[in-house]
Amino acid sequence: MSSATPATIPASVIDDGRLINFYVFSSTTPNVDLKKRKNLSINSKYYRTNQGLDVNGIGTAGAAFSYSDQTIIIVAQRNFGLSGTSGMIFQTSNGDDGITIRNDFMGGRTHTSGFELHGTKLSNLLPKQGVAAPFGLHLRSDGVEFWTETAYFSPTKSGNGGPFDSLSKSKFVLGSGFDSWRSGSFVVRAFLNYNQNLSKADVQKILKSIKNL
């Protein structure tokens, strides 16, 4: 995929009144919000040329967005395999809650150790290593639901551990200060943040329109 520029993005996406933020991290000006034209000021060392924002080891140096029952859409690329990996990739609270990847699974987590994940297989969202794909997500108290261009995934359980309580979702962080992901390059090419939970049809329409970013 080539580096995205604002000219490659449908105007209908940027002009959508429900859209709060739109960052194309794979562009030549990766910190600029195409919706608000505000600089995010993430250190340039976390960017991979023509790929995007690499959250591997980013910890608290990423960006935090407020969250209130809304849809988030991400175009991402995993440059690692589906086994031998574990770590929180997106934090959703000030504690140990967030979205964690463990082997071929990505989902909400509410415990420090011996944790369950409630989400879906990572390969459902990013099936090919080194190839970017878009997906949508919505945080729920019982886990994370995901959309791709062609499918919807309600939260299912992976792993055994302490009882999964309620997923805290006071914010959405590109990175995590808790159990930070360090298992390989996970590149976020684009990030879209909406002010409400969108319908399946709306999410999939947006995913199809931005899949080449």
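Please read these numbers as outputs of a predicted model, since none were measured by experiment.
For the salt bridge (charged side-chain N to carboxylate O under 4.0 Å, His left out) test, residues two or more places apart in sequence or in another chain that qualify with D16 are R18. Not counting sequence neighbours, D69 has no partner by the salt bridge (charged side-chain N to carboxylate O under 4.0 Å, His left out) test. Residues that satisfy the ring pair (Phe, Tyr, Trp, His ring centres under 6.0 Å) test with F25, not counting sequence neighbours, are Y23. Judged as a salt bridge (charged side-chain N to carboxylate O under 4.0 Å, His left out), and not counting sequence neighbours, R78 has no contacts. Applying the salt bridge (charged side-chain N to carboxylate O under 4.0 Å, His left out) test to R48 and every residue at least two apart in sequence or in another chain returns D54.
Using cut-offs of 30° and 60° for the angle between ring planes, the Y152 and W147 rings count as tilted.
I14 and L192 fall within the same hydrophobic cluster, defined by Ile, Leu, Val, Met, Phe, Trp and Tyr side-chain heavy atoms under 4.5 Å apart, directly or through other members. One hydrophobic cluster, built from ILVMFWY side chains closer than 4.5 Å, holds both F186 and L82. One hydrophobic cluster, built from ILVMFWY side chains closer than 4.5 Å, cannot hold both I20 and I72; they sit in different ones. F191 is not connected to V32 by any chain of hydrophobic side-chain contacts under 4.5 Å among Ile, Leu, Val, Met, Phe, Trp and Tyr, and they are in different clusters. Both F90 and L53 are part of a single hydrophobic cluster, where members link through side-chain heavy atoms under 4.5 Å apart.
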Between side-chain atoms of residues 56-63 and protein atoms elsewhere (two or more places apart, or another chain), which donor-acceptor pairs fall under 3.5 Å?
{"residue": "N56", "atom": "OD1", "partner": "S183", "partner atom": "N", "Å": "3.2"}
{"residue": "N56", "atom": "OD1", "partner": "G184", "partner atom": "N", "Å": "3.0"}

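Heavy-atom minimum distance, V173 versus A64: CG2-CB, 3.9 Å. A pairwise comparison of heavy atoms in L34 and I9 identifies CD1-CD1, 3.2 Å as the closest pair. Minimum interatomic distance between L117 and R109 (heavy atoms only, all atoms of both residues): CD2-CB, 3.6 Å.
If you check the side chains of N197 and T71, you find a donor sitting under 3.5 Å from an acceptor.
With a 4.5 Å cut-off on side-chain heavy atoms, N124 and F135 do not count as touching.
Other residues, nucleotides and ligands place more than 12 heavy atoms under 6.0 Å from the NZ atom of K35.
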